[in-house]
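Numbering of ligands and ligand atoms starts at 1, following listing order.
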Amino acid sequence: MERFDIISNNPPQTQQLGKNIGRLTLPGDILLLVGNLGAGKTCLTQGIAYGLDIDEYISSPSFVLIREFSGRLPLYHIDLYRLDLPEEIATLGLDDYLYGSGVCVIEWAEKGLNLMPSDFMLIRINYLDDIKRSFELEAKGTHYNKMLKELKAEKTYVPSNRHLNR
Ligand SMILES: Nc1ncnc2c1ncn2[C@@H]1O[C@H](COP(=O)(O)OP(=O)(O)OP(=O)(O)O)[C@@H](O)[C@H]1O
Ligand SMILES: [Mg+2]
């Protein structure tokens with residue numbers, strides 16, 4: 001099992017990490033984001049969207065549980081924050097997205113872990129200080145192991161605030 005730990009020193013670096021991830025995604029990919037309120041899950045998702053050539057700004061889907069964006073591949077931005085009961089999550093029809101041809105990015109994924117297929121990328125985000133976060137990426141399955149190896153080899157981790165305030 002491949003792992004990759006990396007520190008982000010500011011939001012643009014988180015977005016750059018997301019962009020690098022987004023560029024490597026293939027149809028059907030599942031990226032599970034785990035981290036407290038304000039950890040940076042949506043910030044990372046903004047970068048993933050950018051890596052998928054999506055121009056729209058991704059915001060926190062407070063009341064909308066699933067939002068779809070079109071880019072190089074469709075992006076399904078899913079947020080399970082407001083759901084607690086396993087029954088509620090089960091009725092969302094997540095399978096249509098999980099087994100679809102787009103990329104699923106799921107915030108608060110721990111709430112729906114039992115509904116996930118066996119292979120995915122798990123991304124844990126920890127708050128270090130007001131602008132620093134640690135990212136722990138864990139690959140489950142061959143495809144995601146390969147993706148993580150490619151991500152490790154990626155040299156572009158240049159802070160850029162280009163997409164911060166779109
Ligand atoms: N290195 C960093 N990476 C990401 N966000 C950071 C970083 N440093 C500071 N921040 C700030 O932390 C906040 C992260 O917010 P974001 O909406 O991405 O969190 P979230 O994990 O999606 O929260 P929620 O659980 O409410 O959806 C933003 O205000 C962002 O500017
Ligand atoms: Mg969020």
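With respect to the salt-bridge test (charged N to carboxylate O, under 4.0 angstrom), the residues Glu138 and Arg124 qualify.
Within the 4.5 Å cutoff, side-chain heavy atoms of Ile21 are placed close to those of Ile123.
Counting atoms of ligand 1 from 1 in the listed order, those under 4.0 Å from a heavy atom of Asn36 are 21 (O). The contact set between ligand 1 and Trp108, taken as ligand atoms under 4.0 Å from a residue heavy atom, comprises 25 (O). In the vicinity of Thr14, heavy-atom distances shorter than 4.0 Å reach the ligand 1 atoms 1 (N), 2 (C), 3 (N), 4 (C).
Of the candidates Val34, Thr42, Asn9, the one placing a heavy atom closest to atom 17 (O) of ligand 1 is Thr42.
When every heavy atom of Ile7 is checked against every heavy atom of Ser134, the shortest pair comes out as CD1-CB, 4.1 Å.
At a heavy-atom distance under 4.0 Å, no atom of Leu44 approaches ligand 1. In Tyr81, neither the side chain nor the backbone holds a heavy atom less than 4.0 Å from any atom of ligand 1. Within the 4.0 Å heavy-atom criterion, neither part of Gln13 lies near ligand 1. In Asn10, the part holding a heavy atom less than 4.0 Å from any atom of ligand 1 is the backbone.
At least one heavy atom of Asp130 sits less than 4.0 Å from an atom of ligand 1. Residue contact check for ligand 1: Gly35 places no non-hydrogen atom closer than 4.0 Å to it. For the ligand labelled ligand 1, residue Ile125 lies outside the 4.0 Å heavy-atom shell.
At least one N or O atom of Ala39 sits closer than 3.5 Å to an N or O atom of ligand 1.
For the pair OE1 of Glu107 and OG1 of Thr42, the angle at the Mg ion (ligand 2) is about 90°; rounding is to 10 degrees.
Within a 6.0 Å radius of CG in Asp53, other residues, nucleotides and ligands contribute more than 12 heavy atoms. Annotation for Tyr127: atom OH counts as buried by contact number, over 12 foreign heavy atoms lying within 6.0 Å. Atom NZ of Lys152 has more than 12 neighbouring heavy atoms from other residues, nucleotides or ligands inside a 6.0 Å radius.
For the pair Tyr144 (side chain) and Ile30 (backbone), a donor-acceptor distance under 3.5 Å is present.
The side chain to side chain donor-acceptor pair (under 3.5 Å) test with His77 is passed by exactly one of Glu107, Glu68, Arg67, Gln46: Glu107.
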